[in-house]
Asker: 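I'd like to ask you about the structure that follows.
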Amino acid sequence: MTPHILNQPVALLTGIGTQTANRLQKLGLCVIQDLIFHLPLRYEDRTHVYPIGSLRPGMTALISGTVEFIDVSPRGRKSLICRISDPTGFINLKFFHFSASQHNTLKPGTTISCFAEVRYGYAGLEMVHPEYKIIGNPNDCITETRLTPVYPLTEGLSQNVIRKVVKQALELCKQFPELLTDWIPESILTQYHYPTLAEAIQTLHAPDESVSIEALQNGSVPALKRLAFEELLAHYLSLRITRNKSKAWQAPSFSETATGKIATDHFIRSLPFKLTAAQQRVIAEIEADCQSQHPMMRLVQGDVGSGKTVVSAYAALLALTAGYQVAVMAPTELLAEQHKRNFSIWFEGFQTQVAYLTGQLKGNARKAVLEALEDGTIGIIIGTHALFQDSVNFHRLGLIIIDEQHRFGVHQRLALREKGQQGDIRPHQLVMTATPIPRTLAMLQYSDLDISIIDELPPGRKPIVTSVIPAERRDDVIDRINGWVEKKKQVYWVCTLIEESEVLQCEAAEKTAERLTEALPNVRIALIHGRMKSAEKDAVMQAFKNHQLDLLVATTVIEVGVDVPNAGLMIIENPERLGLSQLHQLRGRVGRGNDNSYCLLMYQAPLSDTARHRLGVLRDSNDGFVIAEKDLELRGPGEVMGTRQTGQMHFKIADLARDTDVLDIVQQAGDSFFAHSPQAIQPLCDRWLGTSTEYSEV
Ligand code: ADP
Ligand code: MG
C-alpha cells in the first residue's frame with residue numbers, strides 16, 4: 001500500500017461495481033479520501049429502546065412492542081394500520097404503501113421493533129412507514145452500540161451501501177495511520193481543544209457514547225469544528241500563497257515624475273469637490289503600492305456614495321502618466337456606461353482616449369475599439385466582463401480596476417490579470433466594493449488582497465430617512481410622489497420579484513409603470529430594466545439625469561452605482577424579498593444630494609417576524625457595515641457575499657454561518673503556519689482543495 005491509497009478510486013473497495021461507483025461520483029465521491037470526508041447529514045439514535053408511553057410528537061425513536069391488531073383503514077386514503085403496545089402504552093403504525101405479505105407477517109401477537117419519527121395521528125400517536133423488524137427471540141438485541149450515521153445520498157444509492165463503503169475507508173485509515181497525517185501542530189490542537197484528525201473522523205462517522213446527538217447535529221462538537229477549521233485554514237493558506245506569489249511578480253513602474261505630479265495636481269484641482277480625508281488616505285495607499293516593484297493587489301471598501309470612483313480615477317491617472325493603459329471593469333452595462341461618462345469628464349483635459357467595450361458592441365465599432373486598444377491609442381477602456389474575451393489584447397496594460405468586486409468570482413479576477421501579463425510583469429490591480437463584508441468573511445474571501453477602507457462620506461450628506469409601510473398605503477405613497485415632483489425633485493420606484501427570471505421582473509416593472517402613468521398624469525415617467533438595449537437604457541438614464549423625467553420605474557438593475565443627486569425619494573416594492581445588503585445598495589441611489597432624502601420600503605403584508613426584524617435593521621441604520629453584520633446573522637454568509645450566484649467559496653464541511661467562531665482562529669493560526677509549519681501548507685491545500693486549485697494557479 002502506498003500513502004496515496006486515499007487518492008485511489010473508490011472502486012478499489014470491495015462491493016463497488018461500476019454502477020455504484022458512478023452513483024458515488026454523482027455525490028463527488030471519486031477517491032477513497034472523498035469518502036472519509038463525506039460526513040453524515042445527521043444521526044439516528046438506535047442506542048436505546050424508548051417505552052412507548054414516553055413518546056412525544058417530533059421524537060425519532062426506537063421502540064419495541066407487540067401487535068394488537070392490524071387492519072386496512074376504511075377512512076380517508078387507503079392505508080394499513082397496525083397498533084402495537086408495550087406495558088407503558090400503544091402507538092399506531094401507518095403504511096400507505098403495503099403488500100399482502102406485510103399484512104400477514106404483522107399478525108397480532110408478533111413482537112416487533114420500530115424506528116421512525118413520532119407524530120400526532122387521527123387516533124393518538126403514530127409512526128408513518130417506520131423501519132421495522134420482527135423480533136423472533138425476545139433476547140435478541142435490537143439496539144445499536146453507536147449512533148447511526150445518515151449520509152447524503154443520490155438516486156439509486158442506499159444508506160446501507162454508503163455506510164459499508166465509508167466503513168471500509170475508515171478501516172484502511174486505521175490500518176495505515178499515516179493516511180490521516182495530522183498537519184495541524186499539537187500546540188494548536190491543545191490550545192483550541194481540538195481532537196486529532198483521526199479522532200475527529202472516527203467521531204463523526206461512528207460516534208461513541210461520549211458524544212451527544214445534539215452536539216453532533218448542531219455542529220458544536222469539537223470533531224466537526226476541527227475539520228471546519230482545517231478546511232477553512234486550507235482555503236486561507238492557499239489565498240495567502242496566491243498573494244505571496246503575486247507579490248513576487250514584477251509590476252509596471254508608476255514612479256513619480258515631474259510631469260506626473262503636474263498631472264495629478266491638475267486632476268485634483270479640477271474636481272468639483274474636495275476629496276475627503278478618507279479618500280486622500282486611500283489614494284496615498286494606492287500611490288505607495290504603485291511605486292513598489294510588485295503588483296498592487298488592493299481592495300477598496302467603502303459604503304455606497306463614499307466616492308470610490310474618483311479614487312480609482314486617480315489611480316488610472318498614475319498609470320496613464322507612466323505610459324500605461326487602464327482597464328476598468330464593471331458588473332453591469334449601466335454601471336460601465338456611467339463610469340465611461342465620469343472618466344470622460346474627469347480626463348477631458350488629459351489627451352487620453354476613454355473607450356467603452358461591452359458584449360453589445362459589434363461589428364466595425366468593436367473592431368475599431370479592439371485595434372485602438374492593441375496599438376495603444378486608447379488609454380482607458382471601460383467595460384463589462386467582455387474585457388476578458390480572447391479577442392481583447394492590450395498594448396501596455398498597467399492597471400486593472402474592478403468595480404463592485406463581489407459580482408465577480410475569484411477566478412475572473414485572476415483571469416483579467418493574466419491578460420495584462422508581459423514577460424514577468426503583471427499589471428497592478430485595484431478592486432472596489434460597496435458591499436461591506438463583515439471582517440471575518442473578508443479575511444477569508446479577500447486574503448489575497450490588501451484592504452483599504454473609505455470610512456467617511458463626502459460632507460453634507462444627510463442620512464436617508466427610511467420608513468417601512470404596508471402596500472395598502474400605496475395611494476398615500478402616490479400622493480407623496482405628486483408633492484415631491486411639484487418640488488422639482490425626482491423619484492425612483494423599484495420593483496422586485498422573488499423569481500430569478502429577468503423576464504418576469506421586467507414584465508412586473510412594465511405593469512407598474514403603466515399603472516403609475518395612469519395614477520400620476522402630470523409626472524414624466526419612464527421605465528428601465530435589464531432587457532432593454534444598452535442604447536435605450538443609456539437614453540433613459542441620461543434623460544433622468546438631465547431631469548427630463550421625474551420618475552424612474554426600475555428593476556434591481558439600478559442597484560449598483562447609478563448616480564443622480566436630484567433623486568431623493570425611492571420607493572422599494574416588496575423589500576422583504578431582497579437581502580439587506582442589496583437593499584442598502586439600492587437605497588444608496590438616493591441621499592446623494594444636499595437635501596433630505598427618503599426611502600419607503602413598501603412591503604406586502606403579512607410580514608414574517610424575521611422579515612419585520614430585517615426591515616427594522618434597515619430603517620434604523622444607514623451604516624453598511626452594521627447592516628452587513630446583521631445580514632450575516634440573519635441570512636448566512638452565502639447570500640451576503642452573493643456566493644450562491646458566483647459559485648465561489650464552496651466548502652465540503654465548513655459552514656460559515658455555523659462556524660463563524662472558527663474564522664478568528666483560522667487567521668491567527670494561518671499566519672503562524674508560514675513561520676512555524678511551512679511544510680504542512682502544501683499537503684493541507686492538497687487535501688482540501690485538490691492539487692490543481694483555482695487559487696494556487698498564479
Ligand atoms: P461609490 O463609492 O458608491 O462608488 P461614487 O464614486 O459613485 O460612490 O460617488 C458618489 C457621488 O459622490 C458622485 O457623484 C461623486 O462625484 C461624488 N463625490 C465623490 N467624492 C466626493 C467628495 N469628496 N465630495 C463630494 N462629492 C463627492
Ligand atoms: Mg460605485
Side-chain angles (χ1 to χ4, degrees), residues 40-163 207 209 211-219 606 608-611:
L41 272 180
R42 57 188 177 85
Y43 300 83
E44 288 173 348
D45 187 357
R46 295 181 181 77
T47 61
H48 66 277
V49 180
Y50 282 84
I52 292 177
S54 74
L55 297 180
R56 297 286 168 267
M59 285 168 74
T60 299
L62 179 68
I63 54 174
S64 91
T66 309
V67 177
E68 284 184 9
F69 65 79
I70 180 158
D71 216 344
V72 175
S73 160
R75 242 190 307 269
R77 191 172 153 197
K78 192 174 164 201
S79 55
L80 184 69
I81 307 282
C82 171
R83 174 168 294 182
I84 66 166
S85 65
D86 71 1
T88 66
F90 71 85
I91 186 166
N92 295 322
L93 313 180
K94 197 176 207 170
F95 301 88
F96 294 109
H97 312 281
F98 55 93
S99 62
S101 77
Q102 213 170 2
H103 197 160
N104 289 336
T105 46
L106 291 172
K107 281 193 298 283
T110 314
T111 305
I112 64 170
S113 70
C114 298
F115 183 84
E117 188 179 335
V118 179
R119 56 175 228 187
Y120 268 125
Y122 182 76
L125 295 181
E126 65 181 22
M127 285 180 166
V128 178
H129 283 274
E131 217 179 277
Y132 69 92
K133 268 194 216 131
I134 312 284
I135 305 176
N137 181 336
N139 296 326
D140 278 356
C141 176
I142 59 169
T143 54
E144 307 264 350
T145 50
R146 293 170 185 269
L147 296 174
T148 318
V150 179
Y151 292 98
L153 291 181
T154 186
E155 210 184 320
L157 196 68
S158 73
Q159 285 298 339
N160 275 340
V161 169
I162 199 155
R163 278 176 198 149
E209 59 282 2
V211 194
S212 80
I213 191 164
E214 289 76 24
L216 283 166
Q217 319 249 64
N218 70 22
S608 72
D609 281 350
T610 323

Asker: Where do Y43 and P149 come nearest, in terms of heavy atoms and distance?
Answerer: CD2-CA, 3.9 Å

Asker: Quick test of your reading: applying salt bridge (charged side-chain N to carboxylate O under 4.0 Å, His left out), list the pairs with at least one residue in residues 117-137, sequence neighbours left out, ordered by first then second residue.
Answerer: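 Those involving residues 117-137 are R46-E131, K94-E126, R119-E126.
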
Asker: What distance do I162 atom CD1 and L157 atom CG have between them, rounded to the nearest 0.5 Å?
Answerer: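 If I round to the nearest 0.5 Å, the distance is 5.0 Å.
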
Asker: Quick one: pull up OG in S73 and CD1 in I81 and give me the separation to the nearest 0.5 Å.
Answerer: 5.0 Å

Asker: As an exercise, state the distance from OG of S99 to CG of N104, rounded to the nearest 0.5 Å.
Answerer: 8.5 Å

Asker: Evaluate whether atom OH of Y120 has more than 12 neighbouring non-hydrogen atoms of other residues, nucleotides or ligands under 6.0 angstrom away.
Answerer: no

Asker: So do I84 and L93 actually touch side chain to side chain, heavy atoms under 4.5 Å?
Answerer: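 Side-chain contact under 4.5 Å: yes.
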
Asker: For D609, is the CG atom crowded, meaning more than 12 foreign heavy atoms sit under 6.0 Å from it?
Answerer: no

Asker: Between Y50 and H48, does the ring centre distance come in under 6.0 Å?
Answerer: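 Yes, ring centres under 6.0 Å apart.
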
Asker: Taking only residues two or more places apart in sequence or in another chain, which ones pass side-chain hydrogen bond (donor to acceptor under 3.5 Å, both in side chains) with S608?
Answerer: none

Asker: Could you go step by step and tell me if I134 and L106 meet the side-chain contact (heavy atoms from CB on, under 4.5 Å) rule?
Answerer: CA-CA 8 Å; I134 312 284; L106 291 172; 4.2 Å; yes

Asker: Quick check: does any side chain N or O of E144 sit under 3.5 Å from a backbone N or O of D45, one acting as donor and the other as acceptor?
Answerer: no

Asker: Would E44 and R42 pass as an ion pair if we require N to O under 4.0 Å?
Answerer: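 Yes, charged N to carboxylate O under 4.0 Å.
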
Asker: Which label fits F96 and H129: parallel for a plane angle under 30°, tilted from 30 to 60°, or perpendicular past 60°?
Answerer: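 F96 vs H129 ring planes: tilted.
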
Asker: Working to the nearest 0.5 angstrom, can you tell me the gap between S113 OG and D140 CG?
Answerer: 9.5 Å

Asker: Hey, are the side chains of F98 and V72 touching, using non-hydrogen atoms and a 4.5 Å cut-off?
Answerer: yes

Asker: Is the closest side-chain heavy-atom distance between S158 and L153 below 4.5 Å?
Answerer: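 A side-chain contact under 4.5 Å is absent here.
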
Asker: Measure across Y151 and R163 and return the closest heavy-atom pair with its distance rounded to 0.1 Å.
Answerer: CE1-CG, 3.8 Å

Asker: What pairs meet the salt bridge (charged side-chain N to carboxylate O under 4.0 Å, His left out) rule with one or both residues in residues 103-113, with sequence neighbours excluded?
Answerer: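 For residues 103-113, and leaving out neighbouring residues, there are no salt bridge (charged side-chain N to carboxylate O under 4.0 Å, His left out) pairs at all.
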
Asker: Once you round to the nearest 0.5 Å, how far does CD1 of I52 lie from OG of S64?
Answerer: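 I52 atom CD1 to S64 atom OG measures 7.0 Å (nearest 0.5 Å).
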
Asker: How about F115 and T60: do any of their side-chain heavy atoms sit closer than 4.5 Å?
Answerer: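 The answer is yes; the side chains approach within 4.5 Å.
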
Asker: Does the side chain of T47 come within less than 4.5 Å of T143's, by heavy atoms?
Answerer: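 No; the side chains remain at least 4.5 Å from each other.
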
Asker: As an exercise, state the distance from CE of M127 to CD1 of I91, rounded to the nearest 0.5 Å.
Answerer: 4.5 Å

Asker: Taking the side chain as every heavy atom from C-beta outward, state whether E214 and S212 have any pair of such atoms under 4.5 Å apart.
Answerer: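 They are in side-chain contact.
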
Asker: Given T88 and D86, is the side-chain hydrogen bond (donor to acceptor under 3.5 Å, both in side chains) satisfied, shown in steps?
Answerer: CA-CA 5 Å; T88 66; D86 71 1; 2.7 Å; yes

Asker: Under 4.5 Å between any side-chain heavy atoms of V118 and I63, yes or no?
Answerer: no

Asker: Between N92 (side chain) and A123 (backbone), is there a donor-acceptor pair under 3.5 Å?
Answerer: yes

